[in-house]
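One structure is given here, and the rest of the page talks about it.
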Number of protein chains: 4
Amino acid sequence: MRTKELASDALSSEHQPRWTRRKEARPAELLAAALDLFVARGYAGTRLDDVAAQAGVSKGTLYLYYANKEELLKAVVRENIVPVVADSQKLAAEYSGDSATLLRVLVFGWWERFVNTKLSGISKLIVSESGNFPELARFYHDEVIVRIQALMQGLLQRGIERGEFRAVDPVQTVNVLFAPMMMLSLWRHSFGQCCKTTLKPQAYLENYVDLILSSLTHHNYESDYGKK
Amino acid sequence: MRTKELASDALSSEHQPRWTRRKEARPAELLAAALDLFVARGYAGTRLDDVAAQAGVSKGTLYLYYANKEELLKAVVRENIVPVVADSQKLAAEYSGDSATLLRVLVFGWWERFVNTKLSGISKLIVSESGNFPELARFYHDEVIVRIQALMQGLLQRGIERGEFRAVDPVQTVNVLFAPMMMLSLWRHSFGQCCKTTLKPQAYLENYVDLILSSLTHHNYESDYGKK
Amino acid sequence: MRTKELASDALSSEHQPRWTRRKEARPAELLAAALDLFVARGYAGTRLDDVAAQAGVSKGTLYLYYANKEELLKAVVRENIVPVVADSQKLAAEYSGDSATLLRVLVFGWWERFVNTKLSGISKLIVSESGNFPELARFYHDEVIVRIQALMQGLLQRGIERGEFRAVDPVQTVNVLFAPMMMLSLWRHSFGQCCKTTLKPQAYLENYVDLILSSLTHHNYESDYGKK
Amino acid sequence: MRTKELASDALSSEHQPRWTRRKEARPAELLAAALDLFVARGYAGTRLDDVAAQAGVSKGTLYLYYANKEELLKAVVRENIVPVVADSQKLAAEYSGDSATLLRVLVFGWWERFVNTKLSGISKLIVSESGNFPELARFYHDEVIVRIQALMQGLLQRGIERGEFRAVDPVQTVNVLFAPMMMLSLWRHSFGQCCKTTLKPQAYLENYVDLILSSLTHHNYESDYGKK
DNA sequence: AATGAATGAGTGTTCATTCAT
DNA sequence: TATGAATGAACACTCATTCAT
């Protein structure tokens, strides 16, 4: 084994044999397979045999990269979450137009880059398995949900400050604003898979934005917030 | 319960019967135990041993009432769902005041009778297991979700007809209106269990109703709906 | 229930109410059901639930009459075997004609009263379960097989003494003579149930008798028996 | 094997590997263990734990090779049956002497290579379990019984054509000829195991052949066959 | 680095048996 | 005598994990 390593090191600068390149690619393939299966069948319903098979490796190989099933799940979540937040934050920071449009852009951006993607399956997975893996849920909550909500909260404050939105409590309102996005993610991976449903994402999102904006621009509405 | 225990304690020193004939009570006890555990640990994570133990019977007894684990799950769902819909519909039919107040009453009614109850755990369960039990999800969708949405849709139409609400597309809007309620149910049984969260149900619901009503009463808002 | 019993007692001298007669009939009904099911499904494959159900009683009742499953099996065998041997022996004792005809009569008698009857299922059952219930097999061997072979042996000796049959070793020959009868019983309850087979009982028995008689009446055949 | 054991003994004081890679040998070992136990205890009475233990592996290993208990049984039957038929047919094809001797050779050949072997246990097993596994019985019937009977039928026709045997109906007679062989197989694995019996295989077979030949060479016997 | 044969604890399910009524 | 609810030991089968190669 020692000699083998030395030999391959010696060769690696000249040409890349297939297995060397795959060495780095393995985790990605494994995570992709795991993501698919975890989302499709849930944690318990996913057999590592199948993950390995779908990734084109043997079951033993899986254990070279991930200590056990739980670690694999954590890796799936971690690896897929990092880009999400970064994307969102960049999107928000770059924008400089009016707040209503920014809301629109954000919402449809999330649709394209998250909800309409395998990534939304992770939300579903984490919600489903939160009972068995609380730390994972906490991780996801802190790394993803909190940040997105912070983003939304910033948007609300920006709109209020610029006089575009009426004064609402940004902290509490954010939870409500967040709900339809989260539900859309869960819906697609639950009832969306097995029921004939009237919910059409585009129309749903249009209505969602419409509802929010009509509310936020309703300057003479007397909410409870102002009074307290 | 207290008196019962004392009474049986007084007698128990002589001999403890292995079991008591309680055919009528059994199913309810079993379903209660199953509901608790399914909600807490998910389908796969729930052992029938534990369900039986929590119900105070042996594992074999479980099979006298439910053919297998899946049937037990189905029974849990079915038995707990029937009253929900009835309650909701009665609540709506009885009301005759203004639509805004009706919305308030409905929302806080659901909170009290569903979301703030074990029943919301069923929603979580069904969403989580929808991949493994699509029929069950379909059943829940058709029996619960669709009916509640129909209720909400009726409310919207009522408000529009009475001139209380501006004209929105009732069919699409309903999906958005439904989202925060559904999310609250899921949230309580996922992140609500393991994360420090700013989400406080009462405030959340207040804001939710506020947001909706401010939108629906914003008569001079130019939505896309009216234009098409 | 109390009054019912008293009433029926009072009436019982005049006519037999159904349940009183059934009290004595129970074991017979149970044995009949058990015979059917044991034969059809084997010992392990027969559930006492089904035996009870087919006999029209509850499972608990079964245990009032038979201590356990094994005892039930033994009873099935014992109860059904008694008449068999008696029948056979009476049949043989009564006959006074020529030995060839006696053989014919015996063979076709067994066919009618044993092989072509549920009873042959018992043979199959005992052979099948001999590994698990050796005592039962021993019992059957001693009570049935040995006696029938004794009968046949007597027939052979009678034929030889009367000069109708050539001299053969009665003890050893009997085993061979017995084989086709036994196999017919087993065949009907095994391959006869599931295979398209050329074996037709009537023709089979005709050929069997034919073969034996042609051999036994072959006086100038030089067998090994005479020489040793 | 000897050297291997010694070598491993020398090393074993340090650590005993949990298992050794023996993929090629496993099926044979498992089938041998299964054959033994199925024959000894019947299908239901055989625990896969025991099969695995007797084969020196864990229960899980069994499932690497056979999908379930039924498949294991089928494999036991299939694997052991193939050589039987081939042997029989070769034996018959090679012979060129007189038919009586051929009969003798065949009968004692079967004794040595089948009846006096574990293989006869399979017959017993299949007869016993024919009710639960009809397809298996059918398979055995078509692959083994039918072929052996065809062999015997050929022998009869050969003898008749060569004038060595009197004219009998080969089709029906074969069933009778086959019976004593089959019964001997069953007997050995049933009553032969638990009863003091006069049946001694050698003498039994001698008498069997004797009976058949004396019949077949009884040229002036008036059977029913010739008359129809 | 990669394999895949082997493991064994764990769980759903069955069913003979018991016993309060 | 009869019931049938309750039991619990037993067993087939699964699958995450290990490790010799």
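Every chain is numbered from 1 and lettered A, B, ... according to where its sequence line falls, protein lines coming before strand lines. Only a predicted model underlies this, so the values are computations on that prediction, with no experimental measurement involved. No hydrogens, no waters, no symmetry mates; every other heavy atom, side chains included, goes into these values.
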Taking the side chain of [X] as heavy atoms from C-beta outward, which of [options] is closest to it?
X     : options                : value
C:V57 : F:dA16, E:dT17, F:dT3  : F:dT3
C:S58 : F:dG4, E:dG4, E:dC15   : F:dG4
A:Y65 : E:dT17, E:dA2, F:dC13  : E:dA2
B:K69 : E:dG12, F:dC13, E:dT17 : E:dG12
C:R47 : E:dA16, F:dA12, F:dA5  : E:dA16
C:T61 : F:dA12, F:dA5, F:dA2   : F:dA2

Round to a whole Å and report the spacing from [atom1] of [X] to [atom2] of [N].
X     : N      : atom1 : atom2 : value
A:L73 : F:dA16 : CG    : P     : 13 Å
D:L48 : E:dT14 : CG    : C1'   : 15 Å
B:Y63 : E:dG12 : OH    : P     : 7 Å
C:N68 : E:dT17 : CG    : C1'   : 9 Å
A:L62 : F:dC15 : CG    : P     : 15 Å
D:L72 : F:dC11 : CG    : P     : 16 Å
B:Y66 : F:dA5  : OH    : P     : 14 Å
B:L30 : F:dA5  : CG    : P     : 13 Å

Find out whether [X] and [Y] are in side-chain contact, i.e. whether some heavy atom of one side chain is under 4.5 Å from a heavy atom of the other.
X      : Y      : result
D:L136 : D:K74  : yes
C:L125 : C:L73  : yes
D:L62  : D:V57  : no
C:K124 : D:S130 : yes

**OP:** State plainly whether the residues B:R26 and B:E29 are in salt-bridge range, i.e. N to O under 4.0 Å.
**Re:**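 Here B:R26 pairs with B:E29 in a salt bridge, since their nearest N and O are under 4.0 Å apart.
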
Return the nucleotide paired to [N]: Watson-Crick means purine N1 to pyrimidine N3 with N6-O4 or O6-N4, wobble means G-U with N1-O2 and O6-N3, both under 3.5 Å.
N      : result
F:dA10 : E:dT13
E:dT21 : F:dA2
E:dT7  : F:dA16

Original post:
Mapping B:E70 and C:T46 onto DNA chain E by nearest heavy atom, which one lands closer to the 5' end?
Top reply: B:E70

Original post:
On a plain distance test, is the side chain of C:K59 in donor-acceptor contact with the base of E:dT17 below 3.5 Å?
Top reply: yes

Original post:
Does A:A67 or C:L64 map to a spot on DNA chain F nearer the 5' end, using the closest nucleotide for each?
Top reply: C:L64

